[in-house]
Peer 1: 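Take this structure first; my questions come after.
The basis for the numbers below is simple: all heavy atoms, side chains too, and nothing from hydrogens, waters or symmetry mates. Chain naming here is simple, since letters A, B, ... match the order of the sequence lines and numbering starts at 1 in each.
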There are 2 protein chains.
Amino acid sequence: MFSQSEENYIKTIYHLSIDFDGGISTNAIAKQLSTKASSVTDMVKKLSEKEVVVYKKYQGVTLTDFGKKVAASIIRKHRLWEVFLVEKLNFSWDEVHEVAEQLEHIKSPKLISELDAFLGYPKQDPHGDPIPDADGNIHQIEKKLLSLLTIGEKGVCVGVDDTSSEFLKFLDKQGIGLGNSIKIVEIEPFDGSFVIEVNEKVLTISNKIASNLYIQKR
Amino acid sequence: MFSQSEENYIKTIYHLSIDFDGGISTNAIAKQLSTKASSVTDMVKKLSEKEVVVYKKYQGVTLTDFGKKVAASIIRKHRLWEVFLVEKLNFSWDEVHEVAEQLEHIKSPKLISELDAFLGYPKQDPHGDPIPDADGNIHQIEKKLLSLLTIGEKGVCVGVDDTSSEFLKFLDKQGIGLGNSIKIVEIEPFDGSFVIEVNEKVLTISNKIASNLYIQKR
DNA sequence: ACTAATTTTTAGACTCACCTAAAAATTGAA
DNA sequence: TTCAATTTTTAGGTGAGTCTAAAAATTAGT
């Protein structure tokens, strides 16, 4: 069994490993968890004794296969709770994270399997991220950043990269949500901003916004 | 804000205060929490600094009005989660306690008010215990131990005193549940056992069982 | 009322997760 | 390649919450 603190480290290392391959630096982990590199060194030694990570001094850490399974189970809980909060308790997608951070640490296999069934075995969380299955397998759907599309291309909004409250509130205000069809009308060469058509409305979004929206072409 | 440990002490002191009035001894708290009296003394000093309890050396502790409010809010969360587990996630009433012990510490006012609404503002938990309202008021329903009734009296089963898994499983096996109408057919003078009629069936229960079942006369 | 038994508190120590400050290793720039 | 900047680790310390053992206070038996 892992403490809440250990679980937070495991989850963080997992997330950092997605964009970066090779050892994750103690500094990167420290920054993500708002703690100090020295604290990370301590924890990482403990996790390596528990066979969750491989750690060589000054080389950063990588998750073992076991560690990846543990991470997947924490993320599974986190995302299932997010679905619950949005679908059943009227939370908006920018309010769920903080509470899910707490709920993900509840220990009860029955709770999670029943919650999964109660929610109808959802495959994605409210931000479009995949929910790992009970065995820890993650089925990532085919998706592309909106900013990589060209004029005339169409697709469906299936996720966001940045999940900050400010960004999600902005999307709500613009009327952009998961499942919406989006068509690229124009790309401004000067600043890379995009003119898109969504929900029968035409609007302009900055390149930064476009670089945080995932589109599935289908 | 209180730590999980502090919350567990506050809840325990509250529960112990129901059956004994006057100061609750450190020993009683220690036994309930499976810890040592010396640890209790430490915590109780801290809680008294936070104005949650009144503590005089060697005199035991009592909750302040503020402490009672805090206790009620923890118990409210615990019981709402119990209802959720039984009504929505197919837990049986003997499985809920352990998980609710974890869930009761989740911090989010919105979570609890939305959960309350989602469950249809329940007034009792699965064991028949009252759910405190958002202001900390507890509306205890009128009830009596079955063992205090006499031959011919009738009532409805509204709660249990002992909530141990063994007892609850026993009740399930006998077909006794909340809401069932119960009639006293006979009382055995020799051992004080009761012959009762419930769900059109007649069965005999020991005095010990009868002393753990609450009946509402209506 | 006076011991004896029990309860409660104090004192000191432990683990966990964190910190700061300094030392050591790595990296990068001229 | 060398040395300065950066990163990482070590060393030592803190607070929360727990423990054991011993001291102090209370309660109970005669």
Side-chain angles (χ1 to χ4, degrees), chain A residues 1-14 16-17 19-63 67 70-71 74 101-102 104-105 107, chain B residues 1-13 16-17 19-63 67 70-71 74 101-102 104-107:
Chain A
M1 230 12 67
F2 297 98
S3 69
Q4 294 203 184
S5 192
E6 287 171 330
E7 290 192 350
N8 286 334
Y9 276 89
I10 295 167
K11 195 181 50 158
T12 297
I13 295 166
Y14 179 89
L16 290 172
S17 302
D19 322 276
F20 197 88
D21 53 40
I24 305 301
S25 74
T26 49
N27 245 4
I29 298 167
K31 183 182 271 183
Q32 196 69 25
L33 287 172
S34 309
T35 181
K36 297 293 144 77
S38 54
S39 309
V40 175
T41 303
D42 286 351
M43 181 58 92
V44 141
K45 281 178 180 169
K46 192 162 54 138
L47 291 177
S48 119
E49 249 144 54
K50 292 192 178 184
E51 321 243 291
V52 172
V53 300
V54 175
Y55 166 62
K56 287 253 171 64
K57 277 188 195 178
Y58 298 100
Q59 316 284 171
V61 287
T62 44
L63 287 170
V70 176
I74 300 164
E101 286 284 304
Q102 298 178 62
E104 73 189 4
H105 301 297
K107 264 104 182 154
Chain B
M1 240 357 79
F2 297 98
S3 70
Q4 294 203 184
S5 193
E6 288 171 328
E7 289 192 349
N8 285 334
Y9 276 89
I10 295 167
K11 195 182 51 161
T12 298
I13 295 165
L16 291 171
S17 302
D19 318 285
F20 297 96
D21 53 36
I24 305 302
S25 75
T26 48
N27 244 4
I29 298 168
K31 183 182 269 181
Q32 195 69 25
L33 286 171
S34 309
T35 181
K36 296 295 145 73
S38 54
S39 308
V40 176
T41 303
D42 286 351
M43 181 58 93
V44 141
K45 281 178 181 170
K46 191 162 58 136
L47 291 178
S48 119
E49 248 144 55
K50 293 192 177 186
E51 320 245 289
V52 172
V53 300
V54 175
Y55 167 61
K56 287 255 171 64
K57 277 188 193 176
Y58 297 100
Q59 316 283 171
V61 287
T62 44
L63 288 170
V70 175
I74 300 164
E101 287 284 304
Q102 298 179 62
E104 74 190 3
H105 300 297
I106 303 293
K107 263 104 182 155

Peer 1: Find the distance A/Ile24:CD1 to D/dT7:C1' and express it as a whole number of Å.
Peer 2: 15 Å
Peer 1: Measure the CZ-CG distance between B/Phe2 and B/Leu47 for me, rounded to the nearest 0.5 Å.
Peer 2: 7.5 Å
Peer 1: Measure all distances between protein nitrogen or oxygen atoms and nitrogen or oxygen atoms of nucleotides 24-27 of chain C, and list the pairs falling under 3.5 Å.
Peer 2:
{"residue": "C/dA25", "atom": "O4'", "partner": "A/Tyr58", "partner atom": "OH", "Å": "3.3"}

Peer 1: Identify, residue by residue, the members of residues 4-13 of chain B with a heavy atom below 4.0 Å from DNA chain C, and return them in order of residue number, or none.
Peer 2: none
Peer 1: Please give, in whole Å, the distance from D/dA16 P to B/Phe2 CZ?
Peer 2: 14 Å
Peer 1: Determine whether B/Gln102 and B/Gln4 make a side-chain contact, defined as any pair of heavy atoms from C-beta on separated by less than 4.5 Å.
Peer 2: no
Peer 1: CD1/B/Ile10 to CE/B/Met43 distance, rounded to the nearest 0.5 angstrom?
Peer 2: 8.5 Å
Peer 1: Using a strict heavy-atom distance below 4.0 Å, which residues from residues 32-45 of chain A are in contact with DNA chain D?
Peer 2: A/Ala37, A/Ser38, A/Thr41, A/Lys45
Peer 1: Can you give one letter per nucleotide of nucleotides 1-6 of chain D, going 5' to 3': B for a protein heavy atom under 4.0 Å from the base, S for sugar-phosphate only, - for none?
Peer 2: ------
Peer 1: Identify every side-chain donor-acceptor pair in residues 30-38 of chain B under 3.5 Å, counting partners at least two apart or on other chains, and give the distances.
Peer 2:
none

Peer 1: Any donor and acceptor pair, going by atom type alone, linking the side chain of B/Glu6 with main-chain N or O of B/Ser3 inside 3.5 Å?
Peer 2: yes
Peer 1: B/Lys45: which residues meet the side-chain hydrogen bond (donor to acceptor under 3.5 Å, both in side chains) condition with it, sequence neighbours left out?
Peer 2: none
Peer 1: Which value, rounded to the nearest 0.5 Å, describes the distance between A/Ser25 atom OG and A/Phe20 atom CZ?
Peer 2: 7.0 Å
Peer 1: Just N and O in the side chain of A/Asn27: are any of them under 4.0 Å from OP1 or OP2 of D/dT8?
Peer 2: yes
Peer 1: With sequence neighbours left out, what residues match A/Glu7 under side-chain hydrogen bond (donor to acceptor under 3.5 Å, both in side chains)?
Peer 2: A/His105, A/Lys107
Peer 1: With rounding to the nearest 0.5 angstrom, report the OG1 to CG distance, B/Thr26 to B/Asp42.
Peer 2: 11.0 Å
Peer 1: Looking at residues at least two apart in the chain, or sitting in another chain, which of them share a side-chain hydrogen bond (donor to acceptor under 3.5 Å, both in side chains) with B/Glu101?
Peer 2: B/Lys11, B/His97
Peer 1: Which residues satisfy the side-chain hydrogen bond (donor to acceptor under 3.5 Å, both in side chains) test with B/Lys57, sequence neighbours excluded?
Peer 2: none
Peer 1: List for me each residue that meets side chain to side chain contact (heavy atoms under 4.5 Å, CB included) alongside A/Ser17, sequence neighbours excluded, and say none if there are none.
Peer 2: A/Ile13, A/Ile24
Peer 1: Are there more than 12 heavy atoms of other residues, nucleotides or ligands under 6.0 Å from atom CG of B/Asp19?
Peer 2: yes
